[in-house]
Number of protein chains: 2
Amino acid sequence: MVSSNAVACCSPIAVRPMDADQAAAVAPMFKALGDPVRLRLMSMIASVAEICVCDLTPAFDLSGPTISHHLKVLREAGLVHSERRGTWVWYRVKPEAFQHLGALLEISAAPTVGGTR
Amino acid sequence: MVSSNAVACCSPIAVRPMDADQAAAVAPMFKALGDPVRLRLMSMIASVAEICVCDLTPAFDLSGPTISHHLKVLREAGLVHSERRGTWVWYRVKPEAFQHLGALLEISAAPTVGGTR
DNA sequence: ACCCTGTTTTGACATCTGTCAACCTAGAGA
DNA sequence: TCTCTAGGTTGACAGATGTCAAAACAGGGT
C-alpha cells in the first residue's frame, strides 16, 4: 500500500487510462468519500491531528451506530486509522491514501483540452 | 459552479472541516468516481482531449445502455461535458471540477500527522 | 462484582444503484 | 420519405447502502 505512492505519482488518471484492476482498487476510496456524512467526517478528522469519536458523533443528527458504520467504511477503504485508548477511540487520517487520490486528480487539469483533435 | 474554484483553493478539506452544505455539494462528485466502470470511463476521457462514445463502449463488457447510464452520472456530477456532432457524441472532462476535487485532497497530506500529539 | 459510559456489531427495513432488454430519438444517406 | 446506425430513455429486478433499535463489547470507577 505504501508503494502505491509511486504508481500515483507516475500514472495519474489523465496520463494513461486506468485498467480494470487499477480502477477496482481505487474506486472504493472515492466511493467512501461519496457520502456527505463520510465526507464531513473525513474533513473533521483531517482538520486535526486526531479526533475522538465522542467529538464526531454530536456534530450530526444521526445515531451512534450510524456514525460508527460510516467510520468503518472509511477505515475499510484505508482512508483512516483508529485506535482505542482507554474509554475512547481516536481516529486519524492515513496521509498515503489521501496523497494517492490527490495525485490522481491534480494532474488532469494540466493537458490542454482543445489541443489534440 | 465556476466560482467554487475559489472555495476549493482556500478551504481544502484538511484546513477547516466542511459544513453540511459543502459536503452535500461535493460528495456527488466523489460518488460518481466511486464506481470502477465510471472511474475507468473518466480516465479514458481525461487521457485525451475528447473521445467518442463509440470508442468508450467497446472497452467494457457492458451493454450500451449501461455505459450510457454511467456517462449520464458523470455528466450530472459535473465532471464531464458531452456534445453531439453529427452521428456521434463526444465527451470531454470539465477541468474545473477536477481541479476542485484535487485541491480538496492534495493539501491534506501536507500537515504533519505525528507532530501535534 | 456491579454498574455506567462510549463504541461497535447485529438484524431489519426502506431506499438507492448497476445492469439488461426493449423501445425511442437524432442524424446521415439513399 | 425510408432505412440504417449511434446513443439515450424506460421499466424491471437483484443486490448494495444508509439508517435505526437492540444487543454486545470494552474500560473505568465504585
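Below, read A as the first sequence line, B as the second, and so on, with proteins coming before strands; counting in each chain starts at 1.
- The interatomic distance linking B:Arg85 (CZ) with C:dG27 (P) rounds to 14 Å, in whole Å.
- Remark: the backbone N or O of A:Phe60 is not paired with any side-chain donor or acceptor of A:Arg40 at under 3.5 angstrom.
- Of the possible donor and acceptor atoms, one in the side chain of A:Thr57 sits under 3.5 Å from a partner among the backbone N and O of A:Val53.
- B:Phe60 comes within contact range of no nucleotide atom at all, as no heavy-atom separation falls under 4.0 Å.
- For the pair A:Leu56 CG and C:dG6 P, the interatomic distance rounds to 14 Å; values are reported in whole Å.
- Distance check: A:Trp88 CH2 to A:Asp55 CG gives 10.0 Å after rounding to the nearest 0.5 Å.
- Atom NE2 of B:His100 sits about 13.5 Å away from atom NZ of B:Lys94, to the nearest 0.5 Å.
- Between B:Arg38 and the phosphate of C:dG18, there is a side-chain N or O to OP1/OP2 separation shorter than 4.0 Å.
- Rounding to the nearest 0.5 Å places OG of A:Ser43 at 9.0 Å from CG of B:Asp19.
- Side-chain contact between A:Leu71 and A:Val80 is absent, with no heavy-atom pair separated by less than 4.5 Å.
- In this structure, B:Glu83 places its CD atom 17 Å from P of C:dA26, rounding to the nearest Å.
- For the atom pair A:His81 NE2 and A:Glu50 CD, the distance stands at 9.0 Å (nearest 0.5 Å).
- One interatomic measurement links the two molecules: CZ of A:Arg84 to C1' of C:dT5, which rounds to 11 Å at whole-angstrom precision.
- Taking CH2 of B:Trp90 as the reference point, atom CD1 of B:Ile45 lies at 12.5 Å (rounded to 0.5 Å).
- If you walk DNA chain D from 5' to 3' and mark each nucleotide with an atom closer than 4.0 Å to a heavy atom of chain B, the marks span D:dA6 to D:dT9.
- Computed from coordinates, the B:Trp90 CH2 to C:dG27 P distance equals 16 Å when rounded to whole Å.
- Sorted by residue number, the members of residues 62-74 of chain A with any non-hydrogen atom under 4.0 Å from DNA chain D read A:Leu62, A:Ser63, A:Pro65, A:Thr66, A:His69, A:His70.
- Applying the side chain to side chain donor-acceptor pair (under 3.5 Å) test to pairs two or more places apart or on separate chains, those with a residue in residues 69-78 of chain B are B:Arg38-B:His70, B:Arg75-B:Tyr91.
- DNA chain D is contacted by both A:Gly86 and B:Cys54; B:Cys54 maps to the nucleotide lying nearer its 5′ end (nearest heavy atom per residue).
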